[in-house]
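Just so it is clear, the model here is predicted, and its values are computed rather than measured.
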Amino acid sequence: MQTWSICSTPTATAEREMQAAEPPKIQDLMEYLSAFFHGMPVKLFKPPFQWQKWNKYDGAILTPPSTQHRIGLRTPGDRLFGIRCRASPDGLSPMQVNLDDVLDGLAENIPANAHSIMMLLDLDMYEGDGDIFTAGRAYGGSRIAAVSLFRDQPLCAPPGDGHAWPASHCAEYIDKLCLEASDEPPTKKKAKLQLSFRCARTGTSGPLDRAIEAAAQTTAAAEEEASSSGISRPARLDTAASTTAQWLGRTAVTMAHELCHCLGLDHCTYFACAMQGCGSVAEAQRQPPYVCPVCLEKICWAIGEGVVDGWEEDRGVREGFVRERYGKLRGVCERWDGRMFVGYKAWLDDVLEGIVERGDGVVD
Ligand SMILES: [Zn+2]
Ligand SMILES: [Zn+2]
């Protein structure tokens, strides 16, 4: 099944990037999740899940794509589950596994001392017959989740338009997306709306502005380096280190999102937030890695109430918890290159400075 995790239709540019990029490492993902869910231990579940033959089917690539089969998943409890599988409708992955079936296999393996269990797959996943792929899903009530890192690899991710978070907050870019999404016929005004790579918000200063500025500096430095070495647009500008960091970052953010569902959080409809619902890789790249104040409050209560001593009695304990959590996240971000981590660190720097100035743990 090794070939199932290899993207089928790479472009030459993406292939070059892919050769240089490293897939997310489990230890790095666990470090991010430990910071995000500060206060709760994040542990690697070691007993193995193993793919194997199901009846006589051994994992050969199926054609035509509409053909569906089952592949065996042997769980640590020594039960064999038949997982539906198929070739991906868009041809990007050789084969995909059915998410619901994977979660069924996972459900009976939640350790007695664990709150939730999550499986990370390098294979592509799908849910219903009608969808193309699913990057992650949690059954929050059952405290089980599965995430695939397949679609965030450089070979699969859609070519960047220069507006992944934090540049997704660029006013011009948002106008353009809104126009594209509206049903109105194109007008001269719309035709004139050209996107620049200059991202700006007007009249604001705060964590998000710091994030945009820091990420823009990274982009400018990459452009300078590319032009001095003779690489011109539209070649991608990312270095191996930043591509690796982007892949790690997107996977970590998806894992945190799904685990938040296991803590009881629903999708966020209030602000730009890592708990917003998401329908595509492009949309996921526009969303922030942090949670909004509403969702932060939910996470803090979900973890703090059960895990942190003195939570109920002392408001200062809660404020200290938020500060420590942000500090841990900043420690993770500063280890990584790439626009998301660079922007996230700048955002955290500003938030933490604000906490110190106000002398509390409340983030506006
Ligand atoms: Zn979700
Ligand atoms: Zn939120």
Side-chain angles (χ1 to χ4, degrees), residues 5-7 14 17-49 114-125 135-136 138 145-157 160 164-166 211 214-215 218 222 238-263 274-275 278 281 284-285 287-291 299 303 324-349 352:
S5 60
I6 297 171
C7 184
E17 262 186 26
M18 186 68 187
Q19 280 167 0
E22 287 178 42
K25 293 191 176 74
I26 290 295
Q27 282 308 323
D28 295 328
L29 291 165
M30 285 178 54
E31 189 188 48
Y32 180 86
L33 294 173
S34 297
F36 191 95
F37 295 101
H38 174 56
M40 284 186 96
V42 177
K43 294 182 181 172
L44 188 62
F45 183 75
K46 290 195 176 139
F49 285 80
H115 179 279
S116 311
I117 189 166
M118 163 177 280
M119 182 184 276
L120 177 67
L121 295 97
D122 58 359
L123 309 179
D124 200 17
M125 299 191 296
V147 166
S148 163
L149 53 79
F150 187 91
R151 293 276 167 165
D152 282 316
Q153 62 181 303
L155 287 182
C156 283
W165 186 89
T218 311
D238 293 324
T239 62
S242 73
T243 307
T244 298
Q246 286 294 115
W247 191 1
L248 169 72
R250 287 315 326 165
T251 305
V253 168
T254 305
M255 292 174 85
H257 173 106
E258 300 305 340
L259 284 170
C260 279
H261 284 317
C262 293
L263 278 182
M275 283 313 292
C278 169
V281 175
Q285 289 177 342
Q287 291 180 353
Y290 50 75
V291 289
I299 291 172
I303 296 176
E324 279 174 22
R325 177 180 179 274
Y326 280 140
K328 298 255 176 195
L329 280 167
R330 183 170 62 177
V332 173
C333 290
E334 66 191 5
R335 286 186 47 220
W336 294 99
D337 204 346
R339 285 181 289 276
M340 189 199 96
F341 283 115
V342 169
Y344 198 1
K345 180 186 173 294
W347 186 90
L348 287 160
D349 282 339
L352 281 161

Where Cys260 and Phe36 come nearest, the two heavy atoms and their spacing: SG-CE2, 3.6 Å

Nearest non-hydrogen partners of Leu348 and Cys333, listed with the distance: CD1-SG, 4.0 Å

Reported CZ-to-CZ distance for the pair Arg325 and Phe37, which is rounded to 0.5 angstrom: 8.0 Å

Donor-acceptor contact present, side-chain Gln153 to main-chain Phe150, <3.5 Å: yes

Heavy-atom side-chain proximity of Asp28 to Trp336 below 4.5 angstrom: yes

Donor-acceptor under 3.5 Å (Glu258 side chain, Ala138 main chain): yes

Val253 and Tyr32: CA distance, side-chain angles, deciding distance, side-chain contact (heavy atoms from CB on, under 4.5 Å) verdict: CA-CA 9 Å; Val253 168; Tyr32 180 86; 4.0 Å; yes

Check: Arg339 side chain, Thr218 main-chain N or O, donor-acceptor pair, under 3.5 Å: no

Side-chain donor/acceptor of Trp247 to backbone N/O of Leu149, under 3.5 Å: yes

Distance (rounded to the nearest 0.5 Å) between Leu248 CG and Asp337 CG: 12.0 Å

Verdict with supporting geometry, Asp124 and Arg151, side-chain contact (heavy atoms from CB on, under 4.5 Å): CA-CA 7 Å; Asp124 200 17; Arg151 293 276 167 165; 2.7 Å; yes

Plane angle bin for His257 and His261 - parallel if under 30°, tilted between 30 and 60°, otherwise perpendicular: perpendicular

